[in-house]
Amino acid sequence: MASLQELTERVKSGVGHESGLGKSVKFDLKGEGFIHIDGGTVSNDDKPADLTITISKADLKAMGKRELNPMTAVMRGRMRLSDMGLAMSLQPQVQALFSKMVTEHG
């Protein structure tokens, strides 16, 4: 499993100069750290965001590989969303971020 720093670097390279989200998003990795995305800025800061996604690194990896369906993850309590409506509207962009966070070696 990739380290927090490796995941953060993958997100930074995937986001580039602008995330395209239009909102700030924070991944709370259940005690293993945070990844905060605001525009083109990616950090490990635990600061407020428009949408907080709470998920384990293992489930994040499964979702990035499309082995775990986001709705199934929410319904089974494996992923929590601070704002379901916002999460639904950002679903394609967030799925793309999940995919960028995992690689064959992750």
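From a predicted model like this one, the values you see are computed outputs, not experimental measurements.
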Are any non-hydrogen side-chain atoms of [X] and [Y] less than 4.5 angstrom apart?
{"X": "Ile55", "Y": "Met63", "answer": "yes"}
{"X": "Met88", "Y": "Met84", "answer": "yes"}
{"X": "Asp59", "Y": "Lys61", "answer": "no"}
{"X": "Phe34", "Y": "Asn44", "answer": "no"}

Roughly how far, to the nearest 0.5 Å, is [atom2] of [Y] from [atom1] of [X]?
{"X": "Ile37", "Y": "Lys12", "atom1": "CD1", "atom2": "NZ", "answer": "11.5 Å"}
{"X": "Asp28", "Y": "Asp46", "atom1": "CG", "atom2": "CG", "answer": "7.0 Å"}
{"X": "Thr8", "Y": "Phe27", "atom1": "OG1", "atom2": "CZ", "answer": "10.5 Å"}
{"X": "Leu51", "Y": "Leu86", "atom1": "CG", "atom2": "CG", "answer": "5.0 Å"}
{"X": "Glu32", "Y": "Ser3", "atom1": "CD", "atom2": "OG", "answer": "10.5 Å"}

*asked:* Checking the side chain of Asp45 only, and the main-chain atoms of Lys47 only, is there a donor and an acceptor separated by less than 3.5 Å?
replied: no
*Using modelled atom types only, decide if a donor and an acceptor are shared between the side chain of His36 and the backbone of Pro48 within a distance under 3.5 Å.*
yes
*Let me see the working for Thr54 and Met79 under side-chain contact (heavy atoms from CB on, under 4.5 Å), right down to the final yes or no.*
CA-CA 6 Å; Thr54 304; Met79 179 171 70; over 6 Å; no
_Heavy-atom pair with the smallest gap, counting every atom of Ser56 and Lys30_ = N-CD, 3.7 Å
*How far apart are the C-alpha atoms of Asp50 and Lys26, what are their side-chain angles, what is the distance that settles it, and do they pass the salt bridge (Lys or Arg N to Asp or Glu O under 4.0 Å) test?*
CA-CA 8 Å; Asp50 297 311; Lys26 176 172 63 174; over 6 Å; no
*May I ask you to check whether over 12 heavy atoms, not counting those of Lys23, lie within 6.0 Å of atom NZ?*
no
*Picking from Leu68, Ile35, Leu29, what satisfies side chain to side chain contact (heavy atoms under 4.5 Å, CB included) with Leu60?*
Leu29
Donor-acceptor contacts under 3.5 Å from residues 69-76 side chains, at least two apart:
unit_1 : atom_1 : unit_2 : atom_2 : d
Asn69  : OD1    : Met71  : N      : 2.8
Asn69  : OD1    : Thr72  : N      : 3.2

*With Thr52, which residues qualify under side chain to side chain donor-acceptor pair (under 3.5 Å), at least two apart?*
none
